[in-house]
Amino acid sequence: MSEIHIPELSLVVLIGISGSGKSTFAERAFGPFEAVSSDHCRGLVSGDTTDQAATADAFDLLYYLVGKRLDRGLLTVVDATNVTRQARAGLVRLARDHDVLPAAIVLDVGTEVAVARNAARRDRSFGAGVVRRKAADLRQSIRRLKKEGFRSVHVLHGVEEIQDATIVRDR
Ligand code: CTP
Ligand code: MG
């Protein structure tokens with residue numbers, strides 16, 4: 001069992017392709033209000049958690065919610081794919097603006113597992129090609145995360161490591 005140490009007040013940025021298990025992990029490892037999900041925000045602004053046309057408004061809301069929580073000194077988890085450098089840069093800046101340390105947790109589940117999971121989901125229609133491309137983006141990213149400003153970087157490889165990881169909050 002691996003322990004992931006993070007400061008008590010962190011902005012935890014989950015990073016992983018669709019189907020990697022971010023939402024499942026967030027639900028198990030964090031409190032019920034700690035994770036802010038981009039899909040949930042899509043649903044709030046548009047009525048449809050999968051409406052890609054609502055992405056800009058959904059992220060406006062996500063940033064607003066996360067900012068409010070950080071102002072209150074509450075650890076917050078961003079549940080979004082965060083596979084692009086631009087997506088992560090905005091979150092690193094948001095954390096800094098609130099004097100909070102950004103922590104990256106990468107769920108590197110393996111592309112074929114994610115593709116198979118998504119094929120079985122009714123709420124996901126991404127083709128295998130899209131998921132594979134994003135997996136390649138992610139692989140490129142992993143070694144750059146520290147340079148991007150993440151104070152800590154944890155990479156979980158494979159289904160078991162993701163399932164077994166526990167979060168330890170350091171004071
Ligand atoms: N799943 C699973 N076993 C796990 C983790 C997830 O079978 N150990 C399943 C979930 O039940 C879900 C799918 O895999 O049907 C994707 O998991 P989810 O946590 O929703 O993945 P996300 O990374 O959140 O995907 P997305 O980016 O599309 O929201
Ligand atoms: Mg999810």
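Order of appearance sets the numbers: ligands from 1, and atoms from 1 within every ligand. Values in this document were obtained by computation on a predicted structure and should not be read as measured data.
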Step by step, work out the side-chain contact (heavy atoms from CB on, under 4.5 Å) result for F33 and L74.
CA-CA 10 Å; F33 296 109; L74 297 172; over 6 Å; no
Is atom 11 (O) of ligand 1 less than 4.0 angstrom from at least one protein heavy atom?
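False for atom 11 (O) of ligand 1.
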Of the backbone atoms (N, CA, C, O) and the side-chain heavy atoms from C-beta on, which set of I162 has a member under 4.0 Å from an atom of ligand 1: side chain, backbone, both, or neither?
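For I162, there is no contact with ligand 1 at all, from either part.
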If we set the cut-off at 4.0 Å for heavy atoms, which region of R117 has an atom near ligand 1: side chain, backbone, both, or neither?
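Side chain only.
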If the cut-off is 4.0 Å to any non-hydrogen atom of [X], which atoms of ligand 1 fall inside it?
X	value
Q163	8 (N)
D39	29 (O)
S20	23 (O)
R124	26 (P), 28 (O), 29 (O)
S18	25 (O), 26 (P), 27 (O), 28 (O)
I17	23 (O)
G19	16 (C), 21 (O), 22 (P), 23 (O), 25 (O), 26 (P), 28 (O)

Common cluster, V155/L138, ILVMFWY with side-chain heavy-atom separation under 4.5 Å
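Shared cluster, yes.
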Under a 4.5 Å side-chain heavy-atom rule over Ile, Leu, Val, Met, Phe, Trp and Tyr, are I4 and V106 clustered together?
no
More than 12 foreign heavy atoms under 6.0 Å from NE2 of H40: is that the case here?
no
Do other residues, nucleotides or ligands put more than 12 heavy atoms under 6.0 Å from R93 CZ?
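No, the 6.0 Å shell around CZ holds no more than 12 heavy atoms from other groups.
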At what distance is the nearest protein heavy atom to [atom], and which residue and atom is it?
atom	value
atom 15 (O) of ligand 1	R121 CG, 3.7 Å
atom 6 (C) of ligand 1	T24 OG1, 3.5 Å
atom 27 (O) of ligand 1	K22 NZ, 2.7 Å

Report the residue from L9, T76, V66 that forms a side chain to side chain contact (heavy atoms under 4.5 Å, CB included) with V100.
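Per the side chain to side chain contact (heavy atoms under 4.5 Å, CB included) rule, the option paired with V100 is L9, out of L9, T76, V66.
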Distance only, no hydrogens: is a donor on one side chain within 3.5 Å (strictly under) of an acceptor on the other, for T50 and R42?
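Result is no, nothing qualifies.
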Within this structure, what is the OG-CG distance for the pair S10 and L75, rounded to the nearest 0.5 Å?
5.0 Å
I'd like to know if the Mg ion (ligand 2) has an N/O/S atom from T24 within less than 2.8 Å of it, counting both backbone and side-chain atoms.
no
Side-chain touch E8/D170, heavy atoms, less than 4.5 angstrom:
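SC-SC contact between E8 and D170 ruled out.
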Is there a side-chain contact between R88 and R85 (heavy atoms, below 4.5 Å)?
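R88 vs R85: side chains touch.
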Taking both backbone and side-chain atoms of G21, is any N or O found less than 3.5 Å from an N or O belonging to ligand 1?
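Yes, there is a polar N/O contact under 3.5 Å.
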